[in-house]
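Please read these numbers as outputs of a predicted model, since none were measured by experiment. In what follows, chains carry the letters A, B, and so on, assigned in the order in which the sequence lines appear, proteins first and then strands, with residues in each chain numbered from 1.
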Number of protein chains: 2
Amino acid sequence: MTGSSGSVRPSLTREQVLATAAALVKQHGPGALTMRKLAAELGTAVTSIYWHVGNRESLLEALVERTVAELGALTPRGATPARRVVSVARALRRQLLDHPHLIAMVHERGLTERMFQPAAQALVREVHAAGLRGAPAAQAVRAVLFQVVGFVLVERNRARAPAQHPGEQELWDVPAAEHDPALARALARGPRPEQLFTVSVRALADGLLPTGPDRREAGPPPR
Amino acid sequence: MTGSSGSVRPSLTREQVLATAAALVKQHGPGALTMRKLAAELGTAVTSIYWHVGNRESLLEALVERTVAELGALTPRGATPARRVVSVARALRRQLLDHPHLIAMVHERGLTERMFQPAAQALVREVHAAGLRGAPAAQAVRAVLFQVVGFVLVERNRARAPAQHPGEQELWDVPAAEHDPALARALARGPRPEQLFTVSVRALADGLLPTGPDRREAGPPPR
DNA sequence: ACCTGAACACCGTTCAAGT
DNA sequence: ACCTGAACACCGTTCAAGT
């Protein structure tokens, strides 16, 4: 027990602060989290918050920490190391897209390395299973992680800034796609992130892992 | 002529504002660019700046615009489409690293698409030369662009936040690298971005382009 | 142990007023 | 056409003072 006397309203809790801060961030992004707004939301003085969480930066840090901890495990799926690598990458991307502000916040705080440790471990296993050892194995793991994080950063950014300045069409239809109208159309249409991501990761994994793109290690041959 | 009477000090110019703003950003990043600091640097009232550039946001936009315009052309090098793709990617990364704050600023303003149009055009040509047409060609171009931009974003971020929280070593040496001390060491040592980048792009290009990793289209066969 | 208001040192921006 | 100071509405944070 917290040793409170029998007061009705349990006064302010670090827990409450974090919870309503998390709600604010979830709705309007970290930029909208203001100590004063947060205090108003909580019905306390601004300065009370400082007693519980220190300051704005450590409040945000705690939020990131908590969100990262809540992310579920990544279970690789697929018959081949390459496919399991792709499945880990896709699951990781899914997680990140489910918490729209998380990547940027982790990014800004330099917590990337820690955040992606579970994914890294999963990838180490798969890369190892594919026969890579030592430095090349480490490089393969990191190449995939960089690829996923980078992709989601770019993708999320596109979503946040929907009105691309020069209209995106006239940007693409003049140029070098001279005699390939299908290419010009595809470029003007904009990317399909889901598809693009899968293709990219698959290509990368195939390029990095020593075995061919479709080797199965056991089970019946494809018919 | 600008119609000024014969005054000695030519008064404030939009050009001057942009120049000293650029200097401030170059030194300490866009976060350090304050209208008041800028005014102090220029020796004018804060509000004069508003007359010349509108407001802070459009000032930053103009800076980005100018920097993007100053970037040199990307000339592909190499005997094979795949190699030329890699060379474009590397040149693009070089450009971005030479302007440390540029990517983030472009990123935040949603100008990514426009900024990378020259690179995109160069890539279209190479991908075309490799035999890709239509939608798959568009996808290959975008996969490479996403890869490069994402990589540099992650890389730049690591540089800005050098003190990774859990020490980076103890993060890596416990885990799944059970019987592979070389792997554990490589992971603990941290990435070599240059190398990692080249390996990643090469793997991606090899995975995306229809021809094998080392095909030469003309000239003597390898001996 | 927890909460408070006042105060400080910053922001970007607007506006009426000067020349 | 260009510059100015005053003022507004915000920030995060500190601190002495309350209970």
Side-chain angles (χ1 to χ4, degrees), chain A residues 1-25 27-65 101 104-105 108-110, chain B residues 1-25 27-65 101 104-105 108-109 161:
Chain A
M1 51 165 121
T2 47
S4 75
S5 50
S7 79
V8 181
R9 221 246 281 154
S11 82
L12 194 56
T13 308
R14 181 183 157 88
E15 209 38 52
Q16 282 176 46
V17 175
L18 290 181
T20 77
L24 282 179
V25 169
Q27 286 173 43
H28 309 101
L33 179 67
T34 276
M35 302 302 270
R36 288 171 151 94
K37 249 187 256 175
L38 179 54
E41 199 82 12
L42 287 163
T44 53
V46 202
T47 44
S48 307
I49 299 171
Y50 284 80
W51 196 92
H52 287 283
V53 299
N55 55 25
R56 195 185 110 103
E57 179 50 28
S58 56
L59 166 56
L60 284 172
E61 230 164 86
L63 286 185
V64 169
E65 202 89 21
H101 306 290
M105 290 174 70
E108 284 157 14
R109 272 156 201 82
Chain B
M1 50 168 124
T2 47
S4 75
S5 49
S7 78
V8 180
R9 220 245 281 154
S11 81
L12 195 56
T13 309
R14 180 183 158 89
E15 209 36 53
Q16 282 176 46
V17 175
L18 290 181
T20 77
L24 282 180
V25 168
Q27 286 174 43
H28 308 102
L33 179 66
T34 276
M35 300 304 268
R36 287 170 152 94
K37 249 186 257 174
L38 179 54
E41 199 82 13
L42 287 163
T44 52
V46 202
T47 43
S48 307
I49 299 170
Y50 284 81
W51 196 92
H52 287 283
V53 299
N55 55 25
R56 195 185 111 103
E57 178 52 27
S58 56
L59 166 56
L60 285 173
E61 229 162 87
L63 286 185
V64 169
E65 202 89 21
H101 306 289
M105 291 174 70
E108 284 156 13
R109 273 156 200 83

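The distance between atom CE of B:M35 and atom P of D:dC3, rounded to the nearest whole Å, is 14 Å. Separating the CZ atom of B:R56 from the P atom of C:dG12 is a distance of 6 Å, rounded to the nearest angstrom. Straight-line distance from the CD1 atom of B:I49 to the C1' atom of D:dC2: 14 Å, rounded to whole Å. Protein atom CG of A:L12 is 9 Å distant from nucleotide atom C1' of C:dC3, rounded to whole Å. Summarising the geometry, the separation between OH on A:Y50 and C1' on D:dC11 is reported as 9 Å, rounded to the nearest angstrom. One interatomic measurement links the two molecules: CG of A:N55 to P of C:dA9, which rounds to 20 Å at whole-angstrom precision. For the pair B:R36 CZ and D:dC10 C1', the interatomic distance rounds to 11 Å; values are reported in whole Å. Atom CD in B:E57 sits about 13 Å away from atom P in C:dT14, given to the nearest Å.
Listed here is the closest heavy atom pair of A:L60 and A:M105: CD2-CE, 3.7 Å.
Residues A:H52 and A:Q16 form no side-chain contact, since every pair of their non-hydrogen atoms from C-beta on lies 4.5 Å or further apart.
OP1 or OP2 of C:dA1 has not a single side-chain nitrogen or oxygen of A:H52 nearer than 4.0 Å. Taking only side-chain nitrogens and oxygens, A:T34 comes nearer than 4.0 Å to OP1 or OP2 of D:dC11. Side-chain N/O atoms of A:S11 include none lying less than 4.0 angstrom from OP1 or OP2 on C:dC2. Applying the 4.0 Å criterion to OP1 and OP2 of C:dC3, one finds that A:T44 has every side-chain N and O outside that range.
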- prompt: Dot-bracket for DNA chain C, 5' to 3', with Watson-Crick and G-U pairs under 3.5 Å, [ ] for crossing pairs and | for other-strand pairs: what is it?
  reply: ||.|||||...|||||.||
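Taking every side-chain heavy atom of B:S48 into account, D:dT4 is the closest of D:dT4, C:dA6, C:dT13. Taking every side-chain heavy atom of B:T47 into account, D:dT4 is the closest of D:dT4, D:dG12, D:dC2.
Separating the NE2 atom in B:H101 from the CG atom in B:L33 is a distance of 11.5 Å, to the nearest 0.5 Å. Distance check: A:I49 CD1 to A:R36 CZ gives 10.5 Å after rounding to the nearest 0.5 Å. Atom CG of A:L18 and atom OG1 of A:T13 lie 10.0 Å apart (nearest 0.5 Å).
Counting non-hydrogen atoms under 4.0 angstrom, A:L33 reaches the backbone sugars and phosphates but no base. Contact annotation for A:L59: no contact, since no heavy-atom pair falls under 4.0 Å across all strands.
For B:Q27, there are no side-chain hydrogen bond (donor to acceptor under 3.5 Å, both in side chains) partners at least two apart in sequence or on another chain. Under the side-chain hydrogen bond (donor to acceptor under 3.5 Å, both in side chains) criterion, B:T34 pairs with no residue at all, not counting sequence neighbours.
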